[in-house]
Structure formats: structure tokens, C-alpha cells
Amino acid sequence: MMSRTVTGIGIGLRYDLATELLERRPDAVSWVEIHPENYVDRGGRYQEMLELARRDWPVVTHGLSTCLGAVEPFDSGYLRQLGRFLEELEIPWHSEHLCLGGVDDRFFHDLLPLPFTDEAATVASQRLTEVRDTIGTPLALENVSYYAPQGADGLEEADFVVEVLQRADAKLLLDVNNIYVNSRNFGFDPKAYIDRIPKERVVQIHVAGHHVRDDGLRIDTHGEAVPDDVYQLLAYALRKVGPVPVLLERDNNIPPLDTLLEEVDALWSIYRDATGAADAR
């Protein structure tokens, strides 16, 4: 398979849209992202989709289960398998979430926030280093959304993220939608958050839509169209960090491919305007 630079606008290779995406292979899509949990030690249709995608697109991996705030031991066997999988695909970096995924051997299939404390930053940076050393691939953490107020004695979210990045000498997958959701739910300036991020650590950006409840609470669902305010925050982030690759996340309520490609086109317009970059394909 051909190894190419990951740049421009990508889309998640999700099962519900994979058949049409692989048949049409739209030029507007420059790369694809996969969840390795769907592929490691697994064959069948998932492996077939991956091999077909690799013919035209670079692939980046984004983990769902190795949450970097966990205090329980990681599954060392899975991490070794993951490392072999990433090496085979020539993955430029792998990303995982800065959060908890479970407690007392119960996995919640959700992203549970960490307290923004020095102790949590110490644990997360140590666990990030452990995973990176085991898989043998550059590792990026992703900032997550959360819905319960933090304690008054902790750091601000942006400072907590930067603290972990610096302690672990790590990369960042900057999720612009999560920053926006948290800023609206907890009343901070999302642009000031982005201003605090060391731009040299950002290797990828996520954008997505979110649900707004009747009471105004915003919930990161990956099931709605990207709203204008998130597009605007993306433009601000790209002007700060430069032409890093941007992924359109859509995991639920997946619309027809043409609808998603309209969002991809909108992202390309923002990307070019903010960075001066040309199409990667």
C-alpha cells in the first residue's frame, strides 16, 4: 500500500457509510480515520473495508478504549497487538482520549472526565507515556467534553490539558467541538482556551455536531450537522495552529453521503481560507 502524508479534510470510515464511500471514492476526502478496536485481531467485512480504503487514502487511528486517565492496569496483550497493527498500517500517530472509560473493572462505553488536578495530570502523563512506549508510535491525547462542574481547587481545563502535554511530551488531537460544548456549558471563552495550546503539539483536529437540550445543555453526540459557531471556532484554531488535518466526525444519525460531503466542502473552504493551503489531492 502507498504511504502518503495525512493532510486536508478527512472523514471517519464508519460501517454505515463505508460501502458508498468506497464505491464513489470522492476526491474531497483526503484521508480516513478508523477505530482500531474494530480491526485488531478481526477479519471479515471490517478488514475488507480497511484494505479497500488504503488503496486511495492515508489512514489514521483513533482509540476508544485505552483511556489515558485510567488507574487500572492496561491490557498489555491488546497494546502489543495494537502496536503491531499500527506498524503494519504505517500510522503516523495514534490518538486516545484524556479521560476515564470505566471504574473497578466496569467499562462504561463513555468518556468520563478527569478532575483537573495535579494528581490526575501526573497519572495521565504516566499512563500516556506507558501506552506510547508499548505501541511504539507517536501518541496524541484528545480533549473531551464533560457535563459536571469541576471542583474549585483544580486547574482550568486548558491548563490541565497543557500540563499533561508537557509532562508527557505528547501530541494533541484538538477537538474543537468539545471545546465549544464545554465553553457554552460552563461559561468560558473557547478562543482563550485555544490560545493556551502550544501549536507545535497539535497534529490533528476533530469537528462534529452536538445536541442542544431544551434547557440549553449541549451534549457531544456526533449525531448532528456541524453548527456555524463550531465552524467559526475551527477557523480560529486553524489560523493559530496552521494546516493540520481536520476530521469530520459523524458516528450517529449518519445522513446520506452527499450530505456529509457538503460539510466536507464547507470544511475545505474554511481550511483553505484560514491556512492558505491547497487541496491535498
Side-chain angles (χ1 to χ4, degrees), residues 9-12 14-17 33 35 62 64 67 69 95 97-101 108-116 141-152 154 156-158 160-161 172-197 202 204-241 246-271 273-274:
I9 310 303
I11 196 170
R14 305 298 183 250
Y15 193 91
D16 290 347
L17 62 84
E33 183 189 80
H35 301 313
H62 181 50
L64 301 174
C67 298
S95 59
H97 297 91
L98 184 60
C99 68
L100 294 168
F108 288 97
H109 299 280
D110 206 344
L111 307 179
L112 309 177
L114 299 174
F116 300 151
L141 65 86
E142 180 187 3
N143 56 291
V144 302
S145 56
Y146 59 98
Y147 307 98
Q150 289 278 332
E156 292 187 22
E157 181 189 353
F160 176 74
V161 170
L172 176 65
L173 192 172
L174 184 68
D175 193 308
V176 170
N177 181 64
N178 287 348
I179 294 174
Y180 181 77
V181 165
N182 294 347
S183 74
R184 292 298 301 271
N185 287 340
F186 295 102
F188 64 81
D189 180 357
K191 292 181 179 179
Y193 183 123
I194 291 171
D195 289 343
R196 297 184 190 182
I197 298 297
V202 180
Q204 185 182 339
I205 291 176
H206 274 178
V207 292
H210 57 267
H211 174 67
V212 184
R213 295 196 328 191
D214 291 341
D215 62 0
L217 182 72
R218 293 170 187 262
I219 300 175
D220 176 38
T221 59
H222 300 178
E224 287 77 28
V226 180
D228 288 343
D229 286 351
V230 173
Y231 279 134
Q232 292 171 16
L233 190 60
L234 170 65
Y236 184 84
L238 285 170
R239 287 193 291 270
K240 291 287 183 177
V241 305
V246 176
L247 182 89
L248 173 63
E249 284 194 294
R250 189 64 178 260
D251 299 321
N252 302 293
N253 301 322
I254 295 178
L257 180 58
D258 284 334
T259 300
L260 287 181
L261 291 177
E262 290 176 3
E263 291 190 281
V264 169
D265 287 342
L267 291 171
W268 266 117
S269 179
I270 293 168
Y271 187 84
D273 183 64

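Because the structure is a prediction, the values reported are computed rather than measured.
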Visitor: Donor-acceptor pair, Glu263 side chain versus Val226 backbone, under 3.5 Å?
Guide: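 At least one qualifying donor-acceptor pair exists.
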Visitor: Under a 4.0 Å threshold between the charged nitrogen and the carboxylate oxygen, would Asp215 count as salt-bridged to Arg213?
Guide: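 The answer is yes: the pair qualifies as a salt bridge.
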Visitor: Search all heavy atoms of Tyr147 against all heavy atoms of Arg218 and return the closest pair with its distance.
Guide: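 Reported closest heavy-atom pair: CE2-O, 3.2 Å.
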Visitor: Using distance only, find each side-chain donor-acceptor pair of residues 173-180 under 3.5 Å and give its atom names and separation, not counting sequence neighbours.
Guide:
residue: Asp175; atom: OD1; partner: Asn177; partner atom: N; Å: 3.1
residue: Asp175; atom: OD1; partner: Asn178; partner atom: N; Å: 2.8
residue: Asp175; atom: OD2; partner: Asn178; partner atom: ND2; Å: 3.3
residue: Asn177; atom: OD1; partner: His210; partner atom: ND1; Å: 2.8
residue: Asn177; atom: ND2; partner: Asp220; partner atom: OD1; Å: 2.9
residue: Asn178; atom: ND2; partner: Asn143; partner atom: O; Å: 2.9
residue: Tyr180; atom: OH; partner: Arg184; partner atom: NH1; Å: 2.8
residue: Tyr180; atom: OH; partner: Asp229; partner atom: OD2; Å: 2.6

Visitor: Can you tell me if Asn182 uses its side chain to pair, donor with acceptor, with the backbone of Tyr146 under 3.5 Å?
Guide: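 Between the backbone of Tyr146 and the side chain of Asn182 there is a qualifying donor-acceptor contact (under 3.5 Å).
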Visitor: Distance only, no hydrogens: is a donor on one side chain within 3.5 Å (strictly under) of an acceptor on the other, for His62 and Gln204?
Guide: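 No, no side-chain donor-acceptor pair sits under 3.5 Å.
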Visitor: Can you name the nearest heavy-atom pair linking Lys191 to Asp189, along with the distance?
Guide: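 That closest heavy-atom pairing would be N-OD1, 3.0 Å.
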Visitor: Of all residues at least two apart in sequence or in a different chain, which pass the side chain to side chain contact (heavy atoms under 4.5 Å, CB included) check with Asp265?
Guide: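 Counting only residues at least two positions away or on another chain, Asp265 forms a side chain to side chain contact (heavy atoms under 4.5 Å, CB included) with Ala28.
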Visitor: Taking all atoms of both residues into account, what is the closest heavy-atom pair of Gly12 and Leu17, and its distance?
Guide: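 In this case the closest contact between Gly12 and Leu17 is O-CD1, 4.0 Å.
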Visitor: Could you tell me which non-hydrogen atom of Cys99 sits nearest to which non-hydrogen atom of Cys67, and how far apart they are?
Guide: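 So the two residues come closest at O-CB, 3.3 Å.
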Visitor: Counting heavy atoms not belonging to Phe186, are there more than 12 under 6.0 Å from its CZ?
Guide: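 Yes, the 6.0 Å shell around CZ holds more than 12 heavy atoms from other groups.
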Visitor: Above 12 or not: heavy atoms from other molecules or residues under 6.0 Å from CD of Glu156?
Guide: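 For Glu156, atom CD is not crowded (no more than 12 foreign heavy atoms under 6.0 Å).
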Visitor: Under the side chain to side chain contact (heavy atoms under 4.5 Å, CB included) rule, what do Thr221 and Asn253 come out as? Steps first, then yes or no, please.
Guide: CA-CA 10 Å; Thr221 59; Asn253 301 322; over 6 Å; no
Visitor: Leu234 versus Leu238: any side-chain heavy-atom pair under 4.5 Å?
Guide: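 Yes, their side chains come closer than 4.5 Å.
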Visitor: Would you name the heavy atoms of Gln150 and Leu114 that are closest together and state the gap between them?
Guide: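 Here Gln150 and Leu114 meet closest at NE2-O, 3.0 Å.
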Visitor: Return the minimal non-hydrogen interatomic distance between Arg250 and Gly223, and the atom names on each side.
Guide: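 Nearest heavy atoms, Arg250 then Gly223: NH2-O, 3.1 Å.
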Visitor: Count the heavy atoms of every other residue, nucleotide or ligand shown that sit under 6.0 Å from CG of Asp214, and state whether that count exceeds 12.
Guide: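 Not more than 12 within 6.0 Å, no.
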